[in-house]
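Data block below; observations after.
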Amino acid sequence: MKKLGSILSWGMTALAGVIVLLLIILFACDGDGDISRLVWSEEMIEEYQKYPEEFRVEYIKVYDERTFTEDGYFSVSKSRYIPNLGQWQFTVRYNHSTLEYLSEERDEEMPIEDDHFIFALVDNEGTVYRDFTYKRVTEGRYTYYRLVFDNVNMRKIGDIQIMIYCLDDMKGDELPEIAVGKLPLYYSELEREDYKFEKELPEEDKPTEGFLPDEELLKGR
Amino acid sequence: MILDSKETTVAYRCPHCGAGVMSVVGIFSLTGDMIKLKCSCGKSELMLQYTKDKSVRITAPCIICPKPHSYTVSTGVFFSKELFRLGCTYTGLDICFIGTKDKVLEALKENESMLLGMFEEAGVTSLDGLHKDDVLDGADDPFVDDVIRFMLIELQDEGNIRCKCGADELPKYNFEFVAPDYEDIRVFCETCGASVTIPMTSAINAEAFLNVDELYLK
């Protein structure tokens with residue numbers, strides 16, 4: 001403990017230590033990285049260019065870094081709300097140990113490289129939002145889904161939850177009755193603040209690439 | 001009547017002295033305003049708060065990053081898991097452990113071994129190793145560039161860089177190493193031209209820069 005303490009305290013004061021730490025970061029990186037950057041659709045770019053002064057992106061600070069499900073197996077981070085479009089976008093993440101746990105519980109193989117989950121938003125009035133676009137990235141010990149839901153009606157809503165279902169539990173096109181995870185997205189008593197989106201403007205005014213419609217998740221079954 | 005009191009053990013590693021800081025937290029103490037777990041060195045603390053939606057918000061210092069990280073977990077996760085680890089958003093390294101005392105202690109020990117191994121692999125085997133003369137020249141080192149860029153983004157996000165830009169101008173910050181010795185860094189705004197030069201000639205200067213809260217460009 002003392003050796004570590006000495007190394008750490010010197011490591012934070014020496015420029016050489018800064019370089020060493022960055023090497024460690026690069027070698028050990030499991031971070032969200034680019035997956036959690038603001039997703040720009042053509043519509044969003046158009047809206048921003050037409051009304052740059054009124055365009056806003058909001059977020060809930062308490063939920064911003066990482067919020068977990070009741071059982072800790074899934075988490076959500078970097079939720080952003082774009083009022084001009086009624087759009088929510090956020091990143092769901094799970095550790096690959098989640099797949100091991102579910103695999104054992106469900107007695108089925110769940111390879112890391114496959115899609116296993118489908119998502120929906122549900123508000124306190126029971127409205128279900130099913131249409132979304134997504135991008136999936138696997139890095140280190142985690143798989144990330146950046147999800148974008150449009151046209152979410154926020155009027156008089158108390159709360160919105162992100163529901164996570166197993167694809168294999170679906171009957172045809174119907175969502176299963178039981179979700180494997182629920183995450184808070186919005187809670188009316190928590191303040192929405194302005195997010196400084198200017199540092200995440202679209203490159204060369206082009207939409208973010210690589211996003212697929214939710215139907216793609218159903219194709220793999 | 002015997003009350004079934006919920007309690008759990010929370011631990012983190014102090015980024016300043018390296019000590020593992022551990023404490024038992026009970027559900028009744030948590031329903032107050034805020035709990036702080038402070039390191040005996042006095043330079044770091046972990047905060048626990050009960051939120052309006054009945055979750056637990058944890059703000060934990062990070063071994064690697066200059067700023068702490070925040071997480072929100074349910075009371076179920078907080079009090080009922082045998083071991084739950086929270087990792088740094090950027091590196092994935094575990095920075096906080098919650099669970100039973102034995103499991104948390106075991107996890108802290110594993111974490112210490114892993115960190116020591118990583119430092120040694122990176123060439124830090126003794127204090128002398130951190131003061132080598134053949135340290136990479138900061139001006140050519142992309143890793144140092146990344147640290148500085150990261151610091152500027154953090155400060156800008158928090159509104160803690162001030163320059164001469166007006167309310168309707170969008171500041172754009174950049175930096176360069178200053179010739180001829182390339183030992184100082186000049187941080188400047190590409191929009192208004194304001195700048196500040198920061199000396200980086202010693203470990204003390206470097207530490208001061210890593211801990212800076214605000215930058216004023218003139």
Side-chain angles (χ1 to χ4, degrees), chain A residues 1-33 36 53 61-73 75-78 95 139-142 159 182-184 187-190 195-196 198-199 201, chain B residues 13-20 41 51-53 55 57 63-64 69-74 76-77 81 84 86-93 112 115-116 118-119 121-124 126-127 129-132 135-136 138 141 143-144 146-147 153 156-157 159 170 200 202-207 210:
Chain A
M1 193 77 86
K2 276 187 187 170
K3 182 179 180 183
L4 179 62
S6 305
I7 290 174
L8 275 173
S9 67
W10 278 97
M12 295 305 287
T13 59
L15 190 55
V18 167
I19 296 166
V20 163
L21 289 170
L22 257 297
L23 279 167
I24 291 168
I25 287 170
L26 287 173
F27 290 137
C29 189
D30 258 342
D32 282 24
S36 290
E53 298 300 324
K61 208 167 187 174
V62 167
Y63 290 154
D64 193 46
E65 274 216 57
R66 196 160 300 286
T67 303
F68 290 86
T69 49
E70 280 284 329
D71 52 20
Y73 287 118
S75 66
V76 62
S77 62
K78 308 292 184 227
N95 190 303
E139 244 184 65
R141 300 178 292 174
Y142 297 100
D159 66 73
K182 286 182 204 177
L183 288 159
Y187 187 60
S188 57
E189 289 195 35
L190 295 172
Y195 177 72
K196 292 172 191 169
E198 290 85 357
K199 61 185 188 301
L201 291 174
Chain B
R13 187 166 300 287
C14 177
H16 293 272
C17 71
C41 77
T51 64
K52 283 180 184 171
D53 61 348
S55 300
R57 185 158 193 233
I63 284 284
I64 303 294
H69 299 303
S70 292
Y71 310 86
T72 306
V73 303
S74 67
V77 165
K81 285 264 180 185
F84 193 70
L86 296 169
C88 165
T89 308
Y90 300 101
T91 66
L93 288 171
E112 181 185 356
L115 281 172
L116 279 172
M118 284 166 81
F119 273 109
E121 252 183 74
V124 182
S126 74
L127 299 180
L130 294 171
H131 300 277
K132 283 183 194 167
V135 162
L136 293 169
D141 186 358
F143 303 134
V144 174
D146 284 346
V147 167
I153 289 171
Q156 188 175 5
D157 279 356
L170 195 63
M200 291 288 245
S202 69
I204 293 171
N205 292 153
E207 187 194 8
L210 285 176

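In the text below, chain A, chain B and the rest are named by the order of the sequence lines, each starting its count at 1.
- Other residues, nucleotides and ligands contribute over 12 non-hydrogen atoms within 6.0 Å of the NZ atom of B/Lys81.
- Looking only at heavy-atom pairs under 4.5 Å with chain B, the residue among A/Leu190, A/Asp64, A/Asp71 that has the most is A/Asp71.
- Looking at B/Phe84, only its side chain comes within 4.5 Å of chain A, counting heavy atoms on both sides.
- Rounding to the nearest 0.5 angstrom, the gap separating the CD atom in A/Glu198 from the CG atom in B/Asp157 is 10.5 Å.
- Here CG of B/Leu170 is found 7.5 Å from CG of A/Leu201. Values are rounded to the nearest 0.5 Å.
- The structure places CD of A/Glu70 at 4.0 Å from OG of B/Ser74, a figure rounded to the nearest 0.5 Å.
- Distance OG1/A/Thr67 to CZ/B/Arg57: 8.5 Å, rounded to 0.5 Å.
- The distance from atom CD of A/Glu189 to atom OG1 of B/Thr51, rounded to the nearest 0.5 Å, is 10.5 Å.
- In terms of heavy atoms, A/Lys196 sits closest to B/Gln156 at NZ-O, 3.9 Å.
- Across A/Thr69 and B/Val77, no two heavy atoms sit closer than the pair O-CG2, 3.4 Å.
- Scored by the ring-ring contact (aromatic ring centres under 6.0 Å, His included) test, A/Tyr187 finds no partners at all (sequence neighbours excluded).
- Around atom NZ of A/Lys199, more than 12 heavy atoms belonging to other residues, nucleotides or ligands sit under 6.0 Å away.
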